[in-house]
Amino acid sequence: MLGLNAANLDGRAQHFLTELHLDHKVKVRDGRLSTVDLSQGQRKRLALLTAYLEDRPFYLFDEWASDQDPQFKEIFYRQILPDLKARGKAVVVITHDDRYFSVADRVIKLDYGKLVQDKRAAVRPHESVLKAGKNGALSRTIQNA
């Protein structure tokens, strides 16, 4: 895990490996992964491990779950994405998997590059909402009932 020098890196990485259901395949010791000989979907989860450890403010997933098995797709959409949102992260997910549109705050549908739908979910009380300003900067507001 080059470039990552956080305190307790091995412990944090092992925690996220468990969350990503890779702890039975991969171990971390002295900042090194025991293997990367994994399926395409599992390698994507390792990339997500790095993103977790970098703790960036913005996450972009482009058809990320397409290589995941059905069980982990459910975990990705129902647990991982809400967890990132709860941690104050801005998350954009590009997907064709309409079974999970209900977890989105906003669904934008394009057809051959043209906007055909822009649907926002109702904001729940005390929910944090990211908005883009005129200059493209993101700002966070808290909505109250």
Side-chain angles (χ1 to χ4, degrees), residues 1-26 28 31 33 35-145:
M1 296 182 288
L2 297 174
L4 296 173
N5 297 318
N8 190 22
L9 181 62
D10 287 2
R12 291 181 59 228
Q14 199 60 50
H15 165 78
F16 288 127
L17 284 171
T18 301
E19 189 172 319
L20 296 169
H21 294 227
L22 290 173
D23 56 318
H24 65 287
K25 293 249 184 199
V26 181
V28 179
L33 301 171
T35 187
V36 292
D37 186 24
L38 303 166
S39 70
Q40 178 69 19
Q42 290 168 332
R43 284 195 305 272
K44 279 186 172 183
R45 287 189 243 166
L46 276 185
L48 183 52
L49 166 70
T50 302
Y52 269 143
L53 293 171
E54 289 176 342
D55 198 29
R56 302 289 178 140
F58 190 86
Y59 292 77
L60 173 66
F61 299 100
D62 186 359
E63 294 293 347
W64 188 89
S66 64
D67 293 326
Q68 303 302 318
D69 61 48
Q71 177 188 3
F72 198 78
K73 272 187 188 184
E74 186 76 13
I75 291 167
F76 175 72
Y77 285 108
R78 306 266 185 226
Q79 293 176 18
I80 291 174
L81 295 180
D83 176 61
L84 288 170
K85 180 180 172 185
R87 291 176 33 211
K89 307 302 182 182
V91 180
V92 173
V93 178
I94 300 166
T95 184
H96 291 91
D97 203 343
D98 60 357
R99 290 175 293 181
Y100 298 103
F101 285 4
S102 63
V103 301
D105 294 327
R106 183 174 182 184
V107 175
I108 299 171
K109 184 176 179 184
L110 302 174
D111 190 17
Y112 292 102
K114 296 194 186 274
L115 180 68
V116 295
Q117 179 183 347
D118 186 351
K119 181 179 174 186
R120 294 175 191 262
V123 176
R124 291 172 277 299
H126 306 294
E127 183 169 322
S128 175
V129 178
L130 282 176
K131 294 182 180 178
K134 289 182 182 178
N135 63 358
L138 292 174
S139 65
R140 182 174 303 282
T141 60
I142 304 295
Q143 302 290 328
N144 292 311

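Count residues from 1 along the sequence.
Ile75 CD1 to Asp83 CG: the interatomic distance, rounded to the nearest 0.5 Å, is 12.5 Å. Distance check: Phe16 CZ to Leu22 CG gives 13.0 Å after rounding to the nearest 0.5 Å.
In this structure, Arg45 and Gln42 have side chains that are in contact, with non-hydrogen atoms separated by less than 4.5 Å. For the pair Ile80 and Glu19, the minimum side-chain heavy-atom distance is below 4.5 Å.
Atom CZ of Arg56 is surrounded by 12 or fewer heavy atoms from other residues, nucleotides or ligands within 6.0 Å. Heavy atoms of other residues, nucleotides or ligands lying less than 6.0 angstrom from CG of Asp98 number more than 12.
Partners of Asp55 under the side chain to side chain contact (heavy atoms under 4.5 Å, CB included) rule, at least two apart in sequence or in another chain, are Arg87, Lys89. Residues forming a side chain to side chain donor-acceptor pair (under 3.5 Å) with Asp67 (at least two apart in sequence, or on another chain): Lys44. Legend: residues meeting salt bridge (charged side-chain N to carboxylate O under 4.0 Å, His left out) with Glu63, ordered by chain and number and at least two apart, are absent. By the salt bridge (charged side-chain N to carboxylate O under 4.0 Å, His left out) test, Asp97 pairs with Lys73, Arg99, sequence neighbours left out. Residues satisfying the side chain to side chain contact (heavy atoms under 4.5 Å, CB included) criterion with Asp111, sequence neighbours excluded, are Val116.
The ring pair (Phe, Tyr, Trp, His ring centres under 6.0 Å) analysis of residues 70-92, with sequence neighbours excluded, yields the pairs His21-Phe72, Phe61-Phe76, Trp64-Phe76, Tyr77-Tyr100.
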